[in-house]
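Reminder, nothing fancy here: chain letters follow the sequence lines and each chain counts from 1. Side chains included, hydrogens not; waters and symmetry mates left out as well; all remaining heavy atoms used.
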There are 2 protein chains.
Amino acid sequence: MLSYTEENYLKAIYHLSDSGTKAVLTSEIAETMNTKAASVTDMIKKLSNKNLIAYEKYYGVKITKQGRHEALMVVRKHRLWETFLVQKLQFSWDEVHDVAEQLEHIQSSLLIEKLDEFLEFPTVDPHGHPIPDKSGKIVEVRQIPLSECSGKKKIIVRSVKHGSPSFLQYLSKIGVYIGASVSILDKVEFDGSLEIMIDSKKKVFISREAAQNLLVTE
Amino acid sequence: MLSYTEENYLKAIYHLSDSGTKAVLTSEIAETMNTKAASVTDMIKKLSNKNLIAYEKYYGVKITKQGRHEALMVVRKHRLWETFLVQKLQFSWDEVHDVAEQLEHIQSSLLIEKLDEFLEFPTVDPHGHPIPDKSGKIVEVRQIPLSECSGKKKIIVRSVKHGSPSFLQYLSKIGVYIGASVSILDKVEFDGSLEIMIDSKKKVFISREAAQNLLVTE
DNA sequence: ATATTTTTTTAGACTAATCTAAATTTTTAT
DNA sequence: ATAAAAATTTAGATTAGTCTAAAAAAATAT
């Protein structure tokens, strides 16, 4: 069984590796975990000994099949708890992250399966991120940043790339939510900002950064 | 802020001291925490330095006002989570303890207040134990062991003294639950066992130990 | 191609929580 | 009242996770 800290490292490596596809550097892990490279090296050795990652000195790590599965189970728990907090306890989507960071480490498969059932087997969390099922399977929907959309087609907001509380609060303020329908009215040459229409009733300008951080389907 | 371990020690001391009224010995703590006396001495010093307990060498510890409050907050969280697991996730009352032991350490006052509200401010948990409110207040209802009841008055089962999974499973099996109405039909001289009627429809014999572990109001 | 910079690893130390073994204090028994 | 037993504390060691400083390797820049 993995420790609290091991689970956190493994999850960080999973996310940094694009869901387990590419290698991750010691320094990247140190940055996202807010630790020093020396500490990361120590933990890398531990996870490597448990066959959760493949480690080659000085060349970073790659997550193994087993490691990917363990990481997915933590991600599953995190996202189910976030869904619970928003749907059942009336948290707003910008308040759930830190609490879910704690809840994701509760060890009880009975709990998580019952929670999943209670929530009626959701496939995405409050930020639009997919929830792995019991076996680790994810339903991936191809999404692109709003900043890369063209023309006047109907666009649906599917998820946020990075869900910082301040970005999420901003979205709420301007009326953007997961599932919202938007259309692009104009693109400003000067700074790449967009004028968009939300739900056919509200016009707003959003910056290029914001548009790059909103993932949509056309 | 208290560590996971400090919270557990404090909670154990609270329970062993009859809700903070009497002194507790090092060896008692060691026994319930499954640790050695030497480890307990170390932790006692830590909690004492934080003014959560009053410690006199060789004479055990007494919980302070502040320590009692901290312990009550952990107890509150434990019992609210148990209530959630049974009422919302359909756990049975013998399955909740170990999971609640983990959940009680989640740090978020927003979470616990919202959970309380979601459960509609319950006053007792699935084992009939009182749930402290936000400020630590407990509604104590005077209860006596079923073994000490006399005559044929109407008796209501209020709580279990010690809720081990096996005892709880046994109660379910014979049809006893919190709130059940029982009456005493006969007391066996030989071994102190009782013949009782449950909800005016089922007669069973229960041992003296079982009767001592069931708390009721007459 | 070699020197400089950057990244990574190693070595050694620290804290929290635990342990065993030894020393000390209290309790119990005669 | 004193000796034996039991409980408690102290001393010193261990493990997980972290750190700083130094050494080693890789990347980069001229």
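The residue among Thr5(A) and Leu25(B) whose nearest nucleotide of DNA chain D is located toward the 5' end is Leu25(B).
Atoms CG (Asn8(A)) and P (dA16(D)) sit 17 Å apart, rounded to a whole Å. The interatomic distance linking Asn49(B) (CG) with dA16(C) (C1') rounds to 14 Å, in whole Å. Atoms CG (Asp42(A)) and P (dT15(D)) sit 15 Å apart, rounded to a whole Å. One can place CE of Met1(B) at 14 Å from P of dA16(C), the figure rounded to the nearest angstrom. Rounded to whole angstrom, the span from the CE atom of Met33(A) across to the P atom of dC19(D) amounts to 10 Å. Residue Glu28(B) contributes atom CD, which lies 11 Å from atom P of dA7(D) at whole-angstrom precision. Across the protein-nucleic acid pair, Lys36(B) atom NZ and dA7(D) atom C1' stand 14 Å apart, rounded to whole Å. To the nearest angstrom, C1' of dT10(C) lies 17 Å from CE of Met43(A).
If you check dT9(D), dA21(D), dA25(D) against the side chain of Ala38(A), the one that comes closest is dA21(D).
OP1 or OP2 of dT10(C) sits under 4.0 Å from a side-chain N or O of Lys45(A). In this model, the phosphate group of dT18(C) is approached by a side-chain N or O of Tyr9(B) to a distance below 4.0 Å at OP1 or OP2. Here Thr26(B) reaches the OP1 or OP2 of dT9(D): one of its side-chain N or O atoms lies under 4.0 Å away. Residue Lys57(B) places at least one side-chain N or O under 4.0 Å from the OP1 or OP2 atom of dT10(D). A close approach under 4.0 Å does not occur between any side-chain nitrogen or oxygen of Ser27(B) and OP1 or OP2 of dA6(D). In this model, the phosphate group of dA23(D) is not approached by any side-chain N or O of Tyr58(A) to a distance below 4.0 Å at OP1 or OP2. The side chain of Thr35(B) contributes no N or O atom lying less than 4.0 Å from OP1 or OP2 of dT18(C).
Aromatic rings from Phe84(A) and Phe84(B) are positioned such that their centres are separated by under 6.0 Å.
Residue Ser39(A) is classed as a base contact, given a heavy-atom separation below 4.0 Å to a base.
Annotation: cation-pi geometry not satisfied between Lys45(A) and Tyr55(A) (NZ/CZ under 6.0 angstrom from ring centroid, within 45° of ring axis). Cation-pi geometry between Lys88(A) and Phe118(A) is met: the NZ or CZ atom falls under 6.0 Å from the ring centre, inside 45° of the normal.
With respect to His78(A), the side-chain hydrogen bond (donor to acceptor under 3.5 Å, both in side chains) criterion is satisfied by exactly one of His105(A), His129(A), Glu104(A): Glu104(A).
Using a 4.0 Å cut-off between a side-chain N of Lys or Arg and a carboxylate O of Asp or Glu, Arg76(B) and Asp116(B) qualify as a salt bridge.
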